[in-house]
2 protein chains.
Amino acid sequence: MDSREQILQKSAEAKELYLPHISVDPVVFGFDQNELKVLLVRMNYKKQWLLPGGYVRRDDDLDEAVVRVLKDRAGVTEVFLEEFGVFGRKNRSQLYFDEFDDTLFQKQRFISVGYYALYNSSEIYPVADDVSEACEWVYLRQLPEIVLGMDHREIIEKALLTLREKISTKPIGYNLMPEKFTLPELQKLYEAILGKSLNRGNFYRKIKNLNVLKKLNEQRYVGAHRSPDLYSFDMENYEKALENGLNNW
Amino acid sequence: MDSREQILQKSAEAKELYLPHISVDPVVFGFDQNELKVLLVRMNYKKQWLLPGGYVRRDDDLDEAVVRVLKDRAGVTEVFLEEFGVFGRKNRSQLYFDEFDDTLFQKQRFISVGYYALYNSSEIYPVADDVSEACEWVYLRQLPEIVLGMDHREIIEKALLTLREKISTKPIGYNLMPEKFTLPELQKLYEAILGKSLNRGNFYRKIKNLNVLKKLNEQRYVGAHRSPDLYSFDMENYEKALENGLNNW
DNA sequence: GCAAAAGTGTTCTTGGTACACCCATGA
DNA sequence: TCATGGGTGTACCAAGAACACTTTTGC
């Protein structure tokens with residue numbers, strides 16, 4: 001079955017199952033090699049990259065819909081998810097399926113609800129669903145070079161801005177870092193999200209004064225240099241600290 | 001024509017004109033008598049208060065839809081508007097029209113997009129449309145006493161939280177205060193939004209150091225006390241200051 | 001020992017907080 | 001002249017920025 005037939009078949013199913021005109025688009029962030037990355041899919045049908053979005057079942061809460069979509073389209077579970085914006089321009093989505101006629105479910109006007117998601121299991125590789133030929137992590141650094149469909153570049157940019165705003169009130173560090181990590185690694189995450197470099201000494205003191213980390217009795221071997229200490233989050237203090245907001249970065 | 005017939009008639013029109021399953025709910029804030037108030041309507045049909053929400057025309061951008069809805073339902077124009085959240089629980093709206101059958105447009109499931117709006121013309125009174133018996137400002141203080149339909153209390157609460165978060169990055173002062181105002185009045189606005197009292201001396205110095213106000217050569221007569229100076233916003237500096245965020249309150 | 005990265009300490013400055021004092025006004 | 005609220009000054013303290021110094025590691 002070619003991608004065209006596949007799309008027509010999905011359309012028929014979708015009309016029964018999903019609410020019209022509403023979609024969800026999760027922007028899944030990961031942190032790897034000291035860089036931020038996002039999860040994208042490339043459809044069989046067109047060679048553009050897209051967010052792994054989907055539709056809302058008639059009997060789904062909106063928040064449940066995103067969870068289901070992420071699982072079905074990318075095999076991703078256990079993520080922190082939060083709504084960050086709505087994308088409702090009237091011609092934002094219809095053009096993508098321009099070669100089909102207007103009865104196609106996927107071709108109608110969609111108002112899309114953006115969710116950002118944080119995913120900390122760098123080892124697990126996402127799996128593409130049957131309408132996608134690829135489902136891959138793309139580093140933010142690489143985004144300018146690739147072709148993104150619809151308004152998904154704009155959605156990703158707003159998601160990143162939201163991360164930046166929420167860095168002091170949401171468990172972003174906890175959800176993007178692995179179980180154990182070093183302070184220089186955590187600092188790189190903050191720098192990646194904030195888009196600026198931070199002073200090491202000040203970062204250390206600030207993060208330590210917050211009392212949200214537990215120092216472990218281990219170091220990470222990093223080759224020809226001093227081995228940095230490993231830390232993990234002290235969840236109790238971490239959540240308490242987030243309630244009041246951490247500090248200003 | 002009674003309210004029942006009216007609703008049935010609207011339903012027929014709506015099916016042509018509007019996207020199904022999507023609504024917008026503006027939370028219009030005003031500041032008056034040193035207190036925050038919100039704009040609510042009471043429908044002819046049920047005696048509950050609701051936000052002056054509405055639907056999205058098939059040829060409207062989402063952002064245009066809210067503007068139109070506010071104009072049609074409350075006669076309100078010239079407001080600052082910004083999306084702040086989506087309300088998508090599956091049974092949030094259907095119950096309101098429970099006595100009608102399921103073909104009624106208004107009774108379907110709606111995912112609603114919340115917008116907060118800032119309105120600074122305290123003299124102009126809102127006008128109700130033909131499906132509402134009232135369109136009134138309600139002080140936040142009075143909200144606990146009144147009956148709000150659907151999940152609109154929750155929507156208002158989230159709007160208020162959003163105001164609080166954005167107080168340093170959005171022109172909230174400018175859009176809620178009249179052209180000319182005194183520093184004590186501005187302080188009351190900040191206190192109302194933040195839900196806590198601020199030290200007068202510190203507030204004065206802080207706001208003045210921001211250089212966003214122009215001191216006018218006038219005072220306001222306030223009776224038996226010293227006449228406070230009048231100020232207005234210096235738009236150029238104000239917008240510049242908002243880009244970096246004002247300060248932390 | 002040297003280079004490079006991790007970790008710690010010190011100093012300066014800024015900005016917030018608390019509070020005191022003076023000013024203006026009408027009763 | 002007193003009470004009340006507006007306007008300003010000051011002193012203290014905490015937190016941030018900049019930068020220097022020490023420690024650890026492999027070569």
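Order of the sequence lines sets the chain letters (A, B, ...), proteins ahead of strands, with each chain counted from 1.
- Rounded to whole Å, atom P of D:dA17 lies 13 Å from atom CG of A:Asn209.
- The side chain of A:Ala224 approaches D:dG26 more closely than any other nucleotide in the set D:dT8, C:dA6, D:dG26.
- Following rounding to the nearest Å, A:Leu213 (CG) and C:dG7 (P) show an atom-to-atom distance of 12 Å.
- Checking C:dA6, C:dC19, D:dG7 against every side-chain atom of A:Tyr204, the shortest atom distance belongs to C:dA6.
- Ring geometry for A:Phe233 against A:Tyr174 counts as perpendicular: the plane angle is over 60°, on a 0 to 90° scale with 30° as the lower cut.
- Here B:Tyr190 and B:Phe203 bring their ring centres to under 6.0 angstrom of each other.
- Between the side chain of A:Arg226 and the base of C:dA6, at least one donor-acceptor pair of N or O atoms lies under 3.5 Å.
- The nucleotide whose nearest atom lies closest to any side-chain atom of A:Tyr221 is, among C:dG7, C:dA18, D:dG26, D:dG26.
- The one candidate from B:Val76, B:Leu39, B:Leu70 that meets the side chain to side chain contact (heavy atoms under 4.5 Å, CB included) condition with B:Tyr119 is B:Val76.
- On a pure distance criterion of 3.5 Å, no polar donor-acceptor pair joins the side chain of A:Asp229 and the base of C:dA6.
- Here A:Gly201 lies in heavy-atom contact (under 4.0 Å) with a base.
- At whole-Å resolution of the value, CD in B:Glu218 and C1' in D:dG6 are 17 Å apart.
- Proximity note for A:Arg205 (side chain, C-beta onward) versus D:dA18, D:dG16, D:dG26: the nearest is D:dA18.
- Residue B:Gln187 contributes atom CD, which lies 14 Å from atom C1' of C:dT17 at whole-angstrom precision.
- You'll find that the side chain of A:Lys208 is closest to C:dT8, out of C:dG7, C:dG26, C:dT8.
- Evaluation of atom-type donor-acceptor distances gives a pair under 3.5 Å for the side chain of B:Asn202 against the base of C:dA18.
- Here B:Glu185 contributes atom CD and B:Asn34 contributes atom CG; the two are 6.5 Å apart, rounded to the nearest 0.5 Å.
- One can place CG of B:Asn34 at 12 Å from P of D:dG5, the figure rounded to the nearest angstrom.
- When rounded to the nearest whole Å, the span between CZ of A:Phe203 and P of C:dA6 equals 12 Å.
- Atoms CD1 (B:Ile207) and C1' (C:dG16) sit 15 Å apart, rounded to a whole Å.
- Across D:dT25, C:dG16, D:dT8, the shortest atom-to-atom separation from the side chain of B:Lys206 is found for C:dG16.
- Scanning atom types as modelled, no donor and acceptor separated by under 3.5 angstrom connect the side chain of A:His225 and the base of D:dT25.
- Judged by atom type and distance alone, A:Arg200 does not reach the base of C:dA5 through any side-chain donor-acceptor pair under 3.5 Å.
- In this structure, the NZ atom of B:Lys196 is 11 Å from the C1' atom of C:dG16, given to the nearest Å.
- To the nearest 0.5 angstrom, A:Glu191 atom CD is 11.5 Å from A:Leu36 atom CG.
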